[in-house]
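First the structure, in the form of structure tokens, and then the observations on it.
Just so we're on the same page: letters track the sequence lines, and every chain starts at 1.
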Protein chains: 2
Amino acid sequence: MARVGESVGSGHRLGRRAIPTLKKITEAFEQFLHGQKLRLTKQRLEILRLIYATHKHVSAEELYDRLHGDGRASALRISRATVYRTLSLMAEGGFVQALEIGRDRGTLYEHTLGHEHHDHMICIECGRIIEFHDDELEQVQARAIKRQGFREVSHRLNVWGVCARCQKAGKSGSGGGPVSAERGRDQAGD
Amino acid sequence: MARVGESVGSGHRLGRRAIPTLKKITEAFEQFLHGQKLRLTKQRLEILRLIYATHKHVSAEELYDRLHGDGRASALRISRATVYRTLSLMAEGGFVQALEIGRDRGTLYEHTLGHEHHDHMICIECGRIIEFHDDELEQVQARAIKRQGFREVSHRLNVWGVCARCQKAGKSGSGGGPVSAERGRDQAGD
DNA sequence: CTTCTAGATGAGAATGGATCTCAATCCAGA
DNA sequence: TCTGGATTGAGATCCATTCTCATCTAGAAG
């Protein structure tokens with residue numbers, strides 16, 4: 001049974017910084033499934049491909065929609081249930097990570113392999129999610145946690161505030177600025 | 001309407017470290033409501049009292065249940081809707097904070113006044129939530145965020161891992177230890 | 001290659017946290 | 001005390017996620 005985050009790093013240790021090819025990722029996934037005595041199905045593969053081809057944070061619903069919108073996928077019907085099941089399976093295996101931005105919408109996911117650990121800043125004006133990484137911060141964090149006698153498996157730092165762009169736009173003042181209109185749709189071209 | 005987190009710190013600046021009395025808290029709440037042109041109702045007061053009398057993380061549902069279980073409250077019927085509404089109102093005002101532990105259950109809340117900022121460590125073995133605070137960490141964090149050009153309003157650090165107690169209990173080994181209650185797999189029978 | 005079967009899927013029902021509706025009620029300023 | 005707009009209660013509703021179960025299939029065995 002896969003452990004929450006430890007499983008990452010047990011089997012599929014492909015590059016920590018190099019961006020792995022889809023082939024490598026697929027192999028790692030295959031290996032993971034095999035280790036768990038689970039099967040490699042078309043659906044799982046398709047979802048894996050899609051989420052690794054997407055360079056933004058996606059919800060299960062969004063994935064589901066896209067799995068249907070695309071022409072190629074039309075041949076393969078993937079149910080909502082399977083999307084959710086697969087997503088949670090991939091989360092266990094460390095292939096994706098749930099974000100848990102305190103949004104109204106559902107959980108967002110991002111792929112993790114070849115994606116160095118990072119934290120998130122969520123702009124309360126425009127809704128954009130910005131990733132950042134800071135070595136010093138990570139170190140101090142790890143030290144602080146260890147100091148508590150806690151053995152860390154994973155952590156998540158979310159910061160809410162106003163992004164640089166919105167600050168410049170001047171909306172960041174005080175009044176009741178309308179908190180953006182939905183989401184910053186930066187649809188990656190896939 | 002109050003803004004997301006900025007409203008905190010505008011009106012009710014009572015002690016940052018001393019534990020405020022219920023009276024002080026109530027006054028601050030009153031002041032906050034007044035500033036927002038909102039009314040001080042029995043329900044709001046009751047919920048405030050209850051959550052400030054509770055020194056653990058509670059869900060809306062739990063509060064709702066308790067508001068009914070108690071003898072005194074029996075006179076005052078508080079609906080689920082009001083609990084949710086009030087909770088979110090108090091979150092806006094900075095009187096409570098939503099936790100968003102990635103648990104199966106709903107959102108958990110904790111009161112904030114007289115409760116220095118802290119982070120959370122969630123034990124994946126026993127499920128306990130441990131609070132901790134580290135000055136150095138906070139400083140480095142603030143610096144790192146500012147370095148990104150981001151204007152922070154609030155942040156939340158959650159750490160998942162194994163608590164000291166569970167480590168001692170030896171359950172923390174490696175091979176497929178049962179991760180406390182919850183099962184990893186979503187499949188039904190096993 | 002064919003069989004066989006436990007794991008996997010699809011469709012849709014079920015679940016459950018959170019929100020919404022709206023008539024009745026209640027603060028709080030005049 | 002009066003009055004109007006804010007607030008509430010009860011339950012409907014929304015919606016993300018999970019569950020059920022009949023059917024299908026990956027993949028090991030023969």
Starting at the 5' end of DNA chain C and moving along, which residue's nearest nucleotide shows up first, B:E61 or A:S79?
A:S79
Quickly work out the B:L87 CG to D:dT8 P distance and round it to whole Å.
13 Å
Would you name the heavy atoms of A:G94 and A:L113 that are closest together and state the gap between them?
O-CD1, 3.7 Å
By side-chain contact (heavy atoms from CB on, under 4.5 Å), A:H34 pairs with (sequence neighbours left out) none
Rounded distance (Å) that lies between atom C1' of D:dA26 and atom CG of A:L45
12 Å
Length of the line joining A:Q36:CD and C:dA8:C1', which is rounded to integer Å:
16 Å
Applying ring-ring contact (aromatic ring centres under 6.0 Å, His included) to B:F132 and not counting sequence neighbours gives none
B:L76 CG to C:dC26 P, straight-line distance once rounded to whole Å
11 Å
Between protein and nucleotides 2-4 of chain D, what N or O pairs are separated by less than 3.5 Å?
| from | atom 1 | to | atom 2 | distance (Å) |
| --- | --- | --- | --- | --- |
| D:dG4 | N2 | B:R39 | NH2 | 3.2 |

Any B:R44 side-chain N or O less than 4.0 Å from OP1/OP2 of D:dT8:
yes
Would you say a side-chain N or O of A:R80 is under 4.0 Å from OP1 or OP2 of C:dA11?
no
Partners meeting ring-ring contact (aromatic ring centres under 6.0 Å, His included) with A:H118 (sequence neighbours left out):
A:H115, A:H120
Between B:H111 (side chain only) and B:I51 (backbone N and O only), is there a donor and an acceptor less than 3.5 Å apart?
yes
Side chain of B:R85: nearest nucleotide among C:dG7, D:dT8, C:dG17?
D:dT8
For a quick test of reading the model: is some side-chain N or O of B:H34 closer than 4.0 Å to OP1 or OP2 of C:dG29?
yes
What do you reckon, is CZ of B:R165 surrounded by more than 12 foreign heavy atoms closer than 6.0 Å?
no
Expressed in angstrom and rounded to an integer, what is the separation of B:E62 atom CD from C:dG17 atom P?
12 Å
Please tell me if the side chains of B:D119 and B:V159 come closer than 4.5 Å, counting only heavy atoms from C-beta onward.
no
Between D:dA26 and A:K42, is there an OP1 or OP2 to side-chain N/O distance shorter than 4.0 Å?
yes
Provide a list of protein-nucleic acid N or O atom pairs under 3.5 angstrom, restricted to nucleotides 12-14 of chain D.
none

Roughly, in whole Å, what's the span from CG in A:L33 to P in C:dT9?
10 Å
Value in whole Å for how far the C1' atom of C:dA11 lies from CD of A:Q43:
14 Å
Respond yes when some side-chain nitrogen or oxygen of B:Y84 is under 4.0 Å from OP1 or OP2 of C:dT19, and no when none is.
no
Between B:A81 and B:L40, whichever has its closest DNA chain D nucleotide further toward 5' is B:L40
Please tell me if A:T107 has a side-chain N or O lying less than 4.0 Å from either OP1 or OP2 of D:dT17.
yes
Hey, which of these two, A:K37 or B:S88, hits DNA chain C nearer its 5' end, going by closest nucleotide?
A:K37
Quick check against the 3.5 Å criterion: does A:T112 have a side-chain atom that pairs as donor or acceptor with the backbone of A:Q97?
no
Nearest listed nucleotide, side chain of A:T41, among C:dA8, D:dT7, D:dA16
C:dA8
Return yes if a side-chain donor-acceptor contact under 3.5 Å exists between B:E116 and B:H133, otherwise no.
no
Nearest-angstrom distance from the residue atom CG of A:L89 to C1' of C:dT9
14 Å
For A:T26, which residues count as a side-chain hydrogen bond (donor to acceptor under 3.5 Å, both in side chains) partner, sequence neighbours excluded?
none
